[in-house]
Amino acid sequence: MTKGRITYYPVQFIILNPKAPVTINTVLPNHISRILGIKAIHSVGIEQMSSESYLPVIGHLSLEFNNKQYHFGNLDIPFDNRPEASDEYLDARIDVQPNSLLTGNYENKVFTDSAYVGADGVVTDKWKNYIVTIYLKTLSND
Amino acid sequence: MILGYRFQKVKLRISKAGQRVYFNTETDKDFTMLKGIALSVGYEGALYGSTFGFRVDEKEIFDESHEAHLLVYSNDISPNSKMLLFEMPVPVKSSKVEGIYTDSSLQSLLGNASYNPSGGVISRNEVNIKKTYVSGKEVVKFSNFTVDDNLVAYAGSGSGFGGGFGIGAAPAPDPAAQVYYPYDVRVILFLSK
Amino acid sequence: MINIEDYVERQMRRRGIEIAYARTLPIVVRRITDDLGNVITSSITYEAYNQYWFLVNAFELPVGTRITSDTNVMLIEAHSNDVIEEFWGKINIELPASFTGSLCQALFYQVLPK
């Protein structure tokens, strides 16, 4: 049996402008030795702009682990406030170097027209900030 | 005679928006594995943006910024399909179990203007240490603070099934669903031998 | 200003990647309009799979230029000499609507790993 225990490590980021990409740059804690699963979901915010309870893709996320040595790939982030929304984690088997960087970027794909952001890049009142969370199911050895 | 499983519960009462409620309890000594956890709540809308942190024997399982709606089952989903089952059960034996539930925790971060202009990663300190007041005291740490009696959890240990698993009339899953305070959140610990 | 060759050399060494070949690579992005002035194209796409492209002249590109790839998305919001961004995979360079010239050159440092 593998040593350690499973913990769930969230990385939250906020989107403040529909057209500006968000850069993710954070150090994973030392006690995380392995990543077993990854799930990235919309947390809050989009519901203030849309009356839908499901939008299949609100943005694209690219993630790299181990100081940019491993590109996990690109994920679609849905907005899903339905009760039957999936809880599944994507399978991942990433041995994490201690204190390594988790890097990536996120590109918003919704509410990008001129009603939400002017040509000068300034957002209008209609735009609401929103938060996306990446959950890492990790093996921790603390 | 003790059978194989037990659904131990903790009830939390959320009295007002943005409230932070802490509880601690102890697991049944006859059961040695914590296999899963679930929350149940009356108003579905209450869960979006609320967070739930969880520790067993002082070791973190969920960070305080873990979203509560990921741990909840509703009327059209059977408890065990939406319950979070741990792939590696957490060993317990009369273990101290602690949790902290924060209502509308993430919404309070949306208006913060101190980030980088295009947005970016929210520091864990901002998520975990918020200006939430309980009994006039600022809550800063997971492990050390006090709360009023009437705000705290009732650390009961009745069988979950005995109390009935129904969660009352489920509102339509409208994203902007109305939340009425107070509401109760029940934490169910799935224990096995 | 950062010396691009040194920077890339160090980056690759730190990641344990050996460089097989590297060179500077100028990319010209044209803005083509029809007779009426409508923009037909103002972007260009390259396939840079299994290679790294480092953008060297971010400060010379118009503000609002958007460069996307599998691993990175970049929007030039301000001019700075000290930004070196890295791209991998399908790279798309898109000039902003406010750009009215006919062409613009992006300079990359292309790295092929062993």
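As a basis for the values below, the full set of heavy atoms in this structure was taken, side chains included, without hydrogen atoms, waters or symmetry mates. Each chain gets a letter, A, B and so on, in the order its sequence line appears, and its residues count up from 1.
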*Could you tell me whether a side-chain N or O of A/Arg5 sits under 3.5 Å from a main-chain N or O of B/Pro91, the two making a donor and an acceptor?*
no
*Please step through side chain to side chain contact (heavy atoms under 4.5 Å, CB included) for the pair B/Leu110 and A/Gln48, ending with a clear verdict.*
CA-CA 11 Å; B/Leu110 288 175; A/Gln48 296 174 29; 3.7 Å; yes
*Could you go step by step and tell me if B/Glu67 and A/Val44 meet the side chain to side chain contact (heavy atoms under 4.5 Å, CB included) rule?*
CA-CA 10 Å; B/Glu67 286 165 78; A/Val44 286; 5.7 Å; no
*Can you establish whether the number of heavy atoms outside A/Asp91 located under 6.0 Å from its atom CG is more than 12?*
no
*OH of B/Tyr5: more than 12 outside heavy atoms within 6.0 angstrom?*
no
Counting only heavy atoms closer than 4.5 Å, note whether [X] contacts chain B via side chain, backbone, both or neither.
X: A/Lys137; answer: side chain
X: A/Tyr54; answer: neither
X: A/Asn25; answer: backbone
X: A/His42; answer: backbone
X: A/Lys19; answer: neither
X: A/Tyr135; answer: side chain

*Residue part contacting chain A, namely of B/Leu47, when any heavy atom lies under 4.5 Å*: neither
*asked:* Using the rule given for side chain to side chain contact (heavy atoms under 4.5 Å, CB included), can you reason through A/Ile41 versus B/Leu70, listing the C-alpha separation, both sets of side-chain angles and the distance that settles it, and then say yes or no?
replied: CA-CA 10 Å; A/Ile41 58 162; B/Leu70 299 173; 3.8 Å; yes
Value rounded to 0.5 Å, distance of [atom1] in [X] from [atom2] in [Y]:
X: A/Ile46; Y: B/Tyr48; atom1: CD1; atom2: OH; answer: 14.0 Å
X: B/Gln107; Y: A/Tyr130; atom1: CD; atom2: OH; answer: 15.5 Å
X: B/Met88; Y: A/Ile6; atom1: CE; atom2: CD1; answer: 5.0 Å
X: A/Ser140; Y: B/Lys59; atom1: OG; atom2: NZ; answer: 7.5 Å
X: A/Thr133; Y: B/Asp63; atom1: OG1; atom2: CG; answer: 10.5 Å

*List the steps and the verdict of side chain to side chain contact (heavy atoms under 4.5 Å, CB included) for A/Asn81 and B/His69.*
CA-CA 9 Å; A/Asn81 264 11; B/His69 76 83; 5.7 Å; no
*Hey, which of A/Val123, A/Ile131, A/Ile134, A/Ile24 has the most heavy atom pairs under 4.5 Å with chain B?*
A/Ile131
*Locate the shortest heavy-atom distance separating A/Ile14 from B/Leu109; write the atom from each residue and the value.*
CD1-O, 3.6 Å
_Would you call the rings of B/His66 and A/Tyr8 parallel, tilted or perpendicular, taking 30° and 60° as the class edges?_
perpendicular
